[in-house]
Amino acid sequence: MEWRRLGRTGLRTSSVGLGTMTWGRDTDEHEAAEQLKVFLDAGGSLLDTAATYSDGGALDIIGGLLREEVDRDELVIAARSGVAHGRVDASRGALLRSLDETLRRLGTDHVDVWLVQAPDPGTPAHETASTLAHAVRSGRARYVGLANHPAWQVARLATLLEGDPGLACVQTEMSLLNRSAEAELLPAAEALGVGLIAWSPLGRGVLSAKYRHSVPADSRAASPHLRGFVEPYLTAEARRVVEAVATAADGLGRAPVEVALAWARDAPGVSSVVVGARTPAQLRGSLAAVDLELPDEIRDVLDEITTPTPR
């Protein structure tokens, strides 16, 4: 698997990262351990998590794996804070409490990348920025970033963090079903020298083509926890894109999930994409795209039928 630098930092990470949103809820510790082994064997390093995943259960599973299954230095751990009990809170106290709890549950003294999970209009930007800088100075985080923030807020925080430690990355949703980041966020990130990590590059699972004819009983759309997460992409417009991806996959002799992942991974300005899987088998299907480079003509067609529009 290719490794890339995260923006203008010295941090190198795998071009595909492993998400842990299902760990501790739909994925137990044994399946998580197998997923991690599959991921590392494929050359991966970036492990993405958040304090909110399974109310901290994902962190507990990762902590157990760090104690028993994997060397800490094999992983680039990206963790998000700033949402608690369904409420956004990027104040100094809330962020540092969350970070300390994250480190305690992981059983490590630092995360490699620490991100503010969502914009908080109630907290001044300089307070959030100074908290991020303090996390680096205190050794709790090696690099810092922002998740799900609009371009103007990224520019504001990048200015406040200019120099040392600097803003390392932004994380946002990006796929053939959601190219809104290309309008402002990607150009801003490139101009600022900030890496971009794309989450849900498979369109919340829809680009796997599993929903072409029905909703499988074991799918995210059938889960009471995730149904609302998937439904926005179960539309007629989305089906048109899925059919195009499936057609491209047939022509290449690959699976739709591989085509969708390769498109997002190699989109201009993207440092890494994060894929989640409920089972090791699903993860293997996604990682089959590691060696796939889309022909220019196929990428051009997919680009044309999914012209980015603001959301």
Side-chain angles (χ1 to χ4, degrees), residues 1-23 27 31-49 58 62 65-66 69-79 111-113 115 142-143 145 168-176 186 189 194-203 205 207-208 245 248-249 252-296 298-299 302:
M1 186 183 302
E2 180 186 5
W3 283 35
R4 300 170 177 171
R5 292 199 181 276
L6 193 60
R8 292 179 188 161
T9 74
L11 179 63
R12 295 177 68 247
T13 186
S14 53
S15 59
V16 177
L18 176 59
T20 62
M21 185 173 68
T22 65
W23 289 18
T27 303
E31 289 180 312
E34 188 175 349
Q35 282 191 26
L36 186 58
K37 183 179 186 304
V38 168
F39 179 63
L40 292 173
D41 287 347
S45 64
L46 177 63
L47 188 66
D48 180 80
T49 193
I62 296 169
L65 294 174
L66 291 176
E69 303 286 343
V70 63
D71 191 304
R72 171 69 180 85
D73 292 338
E74 292 187 65
L75 297 174
V76 174
I77 298 178
V111 293
D112 298 285
V113 186
L115 304 100
R142 297 293 187 257
Y143 299 90
C169 68
V170 293
Q171 192 177 75
T172 191
E173 182 174 8
M174 183 174 172
S175 73
L176 280 164
L186 258 175
V194 173
L196 188 137
I197 299 174
W199 61 265
S200 205
L202 304 179
L207 289 167
S208 67
V245 170
L252 293 170
R254 309 294 287 250
V257 67
E258 297 174 56
V259 171
L261 186 62
W263 179 89
R265 180 198 63 205
D266 297 333
V270 172
S271 299
S272 184
V273 295
V274 174
V275 294
R278 187 175 52 82
T279 66
Q282 288 177 348
L283 179 60
R284 290 188 184 96
S286 295
L287 294 178
V290 165
D291 67 340
L292 176 59
E293 182 176 347
L294 292 180
D296 289 343
I298 289 181
R299 178 171 286 277
L302 292 175

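Here, residue 1 is the first one in the sequence, and each next residue gets the next number. Because the structure is predicted, anything quoted here is derived from the model rather than measured.
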So which heavy atom on Gly285 is nearest to which on Val257, and how close? O-CG1, 3.7 Å

Test Ser200 against Ser175 for side-chain hydrogen bond (donor to acceptor under 3.5 Å, both in side chains), laying out the working first. CA-CA 7 Å; Ser200 205; Ser175 73; over 6 Å; no

Measure the spacing between CZ of Arg142 and CG of Leu11 and express it to the nearest 0.5 Å. 10.5 Å

Write down the atom of Ala277, the atom of Leu283, and the distance for their closest heavy-atom approach. CB-N, 3.6 Å

Do any N or O atoms from the side chain of Arg254 and from the backbone of Ala288 form a donor-acceptor pair under 3.5 angstrom? yes

Least distance between heavy atoms, Thr49 atom then Ala58 atom: OG1-CB, 4.0 Å

Report yes if some heavy atom in the side chain of Trp23 is under 4.5 Å from a heavy atom in the side chain of Leu65; otherwise report no. yes

So, does Thr27 use its side chain to make a donor-acceptor pair with the main chain of Arg278 at under 3.5 Å? yes

Report yes if some heavy atom in the side chain of Ser286 is under 4.5 Å from a heavy atom in the side chain of Gln282; otherwise report no. no

With side chains defined as the heavy atoms from C-beta onward, is the minimum distance between Gln171 and Val113 less than 4.5 Å? no

Evaluate side chain to side chain contact (heavy atoms under 4.5 Å, CB included) for Glu31 paired with Thr22, printing each intermediate quantity in order. CA-CA 11 Å; Glu31 289 180 312; Thr22 65; over 6 Å; no

Which residues pass the side chain to side chain contact (heavy atoms under 4.5 Å, CB included) test with Ala42, not counting sequence neighbours? Met1, Leu287

Going by heavy atoms in the side chains, are Leu202 and Ser208 under 4.5 Å from each other? no

Could you grab the distance from atom CG of Asp48 to atom OG1 of Thr20, nearest 0.5 Å is fine? 6.0 Å

When every non-hydrogen atom of Thr9 is compared with those of Tyr143, the smallest separation belongs to CB-CE2, 3.6 Å

Determine which pairs satisfy salt bridge (Lys or Arg N to Asp or Glu O under 4.0 Å) with at least one residue from residues 69-79, sequence neighbours left out, and list them in order. Arg72-Asp112

Pairwise side-chain contact, Leu75 with Leu66, heavy-atom cut-off 4.5 Å (strictly under): yes

Would you compute the distance between atom CD1 of Ile62 and atom CG of Leu47 and round it to the nearest 0.5 angstrom? 4.5 Å

Taking only distance into account, with no hydrogens and no angle test, what donor-acceptor pairs under 3.5 Å do side-chain atoms of residues 259-273 form with protein atoms, sequence neighbours excluded?
residue: Trp263; atom: NE1; partner: Asp303; partner atom: OD1; Å: 2.8
residue: Arg265; atom: NH1; partner: Ala289; partner atom: O; Å: 2.8
residue: Arg265; atom: NH2; partner: Leu292; partner atom: O; Å: 2.5
residue: Asp266; atom: OD1; partner: Arg4; partner atom: NH2; Å: 2.9
residue: Ser271; atom: OG; partner: Leu196; partner atom: N; Å: 3.4
residue: Ser272; atom: OG; partner: Ser14; partner atom: O; Å: 2.8
residue: Ser272; atom: OG; partner: Ser15; partner atom: O; Å: 3.3

Can you tell me how far OG1 of Thr13 sits from CG of Leu46, rounded to the nearest 0.5 angstrom? 4.0 Å

Any side-chain heavy atom of Leu294 within less than 4.5 Å of one from Leu252? yes

